[in-house]
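If you read the sequence from its start, that first residue is 1, and numbering goes on from there.
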Amino acid sequence: MSDIGAPARRPYRVGYAPGAYDLFHIGHLNILRHARSQCDYLVAGVVSDEMAELAKGRRPMIPLVERLEIVRSVKYVDAAFVETVPDKVETWKQVRFDVIFKGDDWRGTPKGDKLEKDFAAHGVDVVYFPYTVHTSSTQLRRALDALAEPAPAPGQVTGERR
């Protein structure tokens, strides 16, 4: 008997896609879209302001409550979870996902290697998706910071050494 018209079974049941999701951009959307195509149910982990500051040295520009609402509203996301601890295994104990999705900028790095090792012990796969090179929150933040710098006074030479 054929299941024509039935939705195809995806490789994973519950997927987890963590991120700060600050200054939401196409790279974030790409990760969530690709992640949802690989699982039946996608949970997006939105790191708290404090966790983002711990990881990146700066608080997000967009507050947690707004980032959470933006991510929760993306059609590929079934649920959003606030991440408040740095240990992803602790998060897994609460969410119970089969796979965690990360950008491939993590592949082969000490962080990525640790993630793979930690989750292998729990039967959780780590799947990497292509990092969207041309757009990142860091690049957007740098551009915004540059725009916020005061313009030099008329006739003032910038970058001059005295």
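The main-chain N or O of Met61 is found under 3.5 Å from a side-chain atom of Asp22 such that the two form a donor-acceptor pair. Listed for the Asp98 side chain is a donor-acceptor partner under 3.5 Å among the backbone atoms of Arg13. Under the 3.5 Å distance criterion, the side-chain polar atoms of Arg107 are left unmatched by any main-chain donor or acceptor of Lys102. Between the side chain of Asp125 and the main chain of Val127, no donor-acceptor pair closer than 3.5 Å is present. Between the side chain of His25 and the backbone N or O of Gly27, at least one donor-acceptor pair lies under 3.5 Å. A donor-acceptor contact shorter than 3.5 Å links the side chain of Arg67 to the backbone of Ile62. No donor-acceptor pair closer than 3.5 Å links the side chain of Asp104 to the backbone N or O of Tyr128.
What you find for Asp105 and Thr109 is that their closest heavy atoms are O-CG2, 3.4 Å. Closest non-hydrogen pair, Asp113 versus Gly108, comes out as OD1-CA, 3.8 Å. Residues Leu68 and Ala80 share a closest heavy-atom pair of CD1-CB, 3.6 Å. When all heavy atoms of Met51 and Val85 are compared, the closest pair comes out as CE-C, 3.4 Å. The shortest non-hydrogen separation linking Asp49 to Pro63 is OD1-C, 4.0 Å. Counting all heavy atoms, side chain and backbone alike, Glu83 lies closest to Pro18 at OE2-CB, 3.2 Å.
Contact of the Lys88 side chain with the Ile100 side chain is registered, since non-hydrogen atoms from C-beta on lie closer than 4.5 Å. Using a 4.5 Å heavy-atom threshold, the side chains of Phe101 and Leu42 count as touching. Phe97 is not listed as a side-chain neighbour of Val43, based on a closest heavy-atom distance of 4.5 Å or more.
Cluster membership for Tyr12 and Leu115, using ILVMFWY side-chain heavy atoms within less than 4.5 angstrom, is not shared. Under a hydrophobic clustering in which Ile, Leu, Val, Met, Phe, Trp and Tyr are joined whenever their side-chain heavy atoms come within less than 4.5 Å, directly or via other members, Phe81 and Val124 fall into the same cluster. Leu29 and Ile70 fall within the same hydrophobic cluster, where Ile, Leu, Val, Met, Phe, Trp and Tyr residues are linked whenever their side-chain heavy atoms come under 4.5 Å apart, directly or through other members. Under the 4.5 Å side-chain heavy-atom criterion for ILVMFWY residues, no single connected hydrophobic cluster contains both Val99 and Val14. Note: the hydrophobic cluster containing Phe129 does not contain Trp106 (ILVMFWY, side chain heavy atoms under 4.5 Å, direct or indirect links).
Within the hydrophobic cluster formed by Ile, Leu, Val, Met, Phe, Trp and Tyr side chains joined at under 4.5 Å, directly or through other members, Val65 stands alone, with no partner residue.
With sequence neighbours excluded, the residues that form a salt bridge (charged side-chain N to carboxylate O under 4.0 Å, His left out) with Arg72 are Glu69. Residues that satisfy the salt bridge (charged side-chain N to carboxylate O under 4.0 Å, His left out) test with Asp78, not counting sequence neighbours, are Arg36.
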Derivation of the side chain to side chain contact (heavy atoms under 4.5 Å, CB included) call for Phe24 and Leu32:
CA-CA 11 Å; Phe24 196 89; Leu32 295 171; 4.1 Å; yes
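When each of His34, His28, Arg33 is tested with Asn30 by the rule side-chain hydrogen bond (donor to acceptor under 3.5 Å, both in side chains), just one qualifies, namely Arg33.
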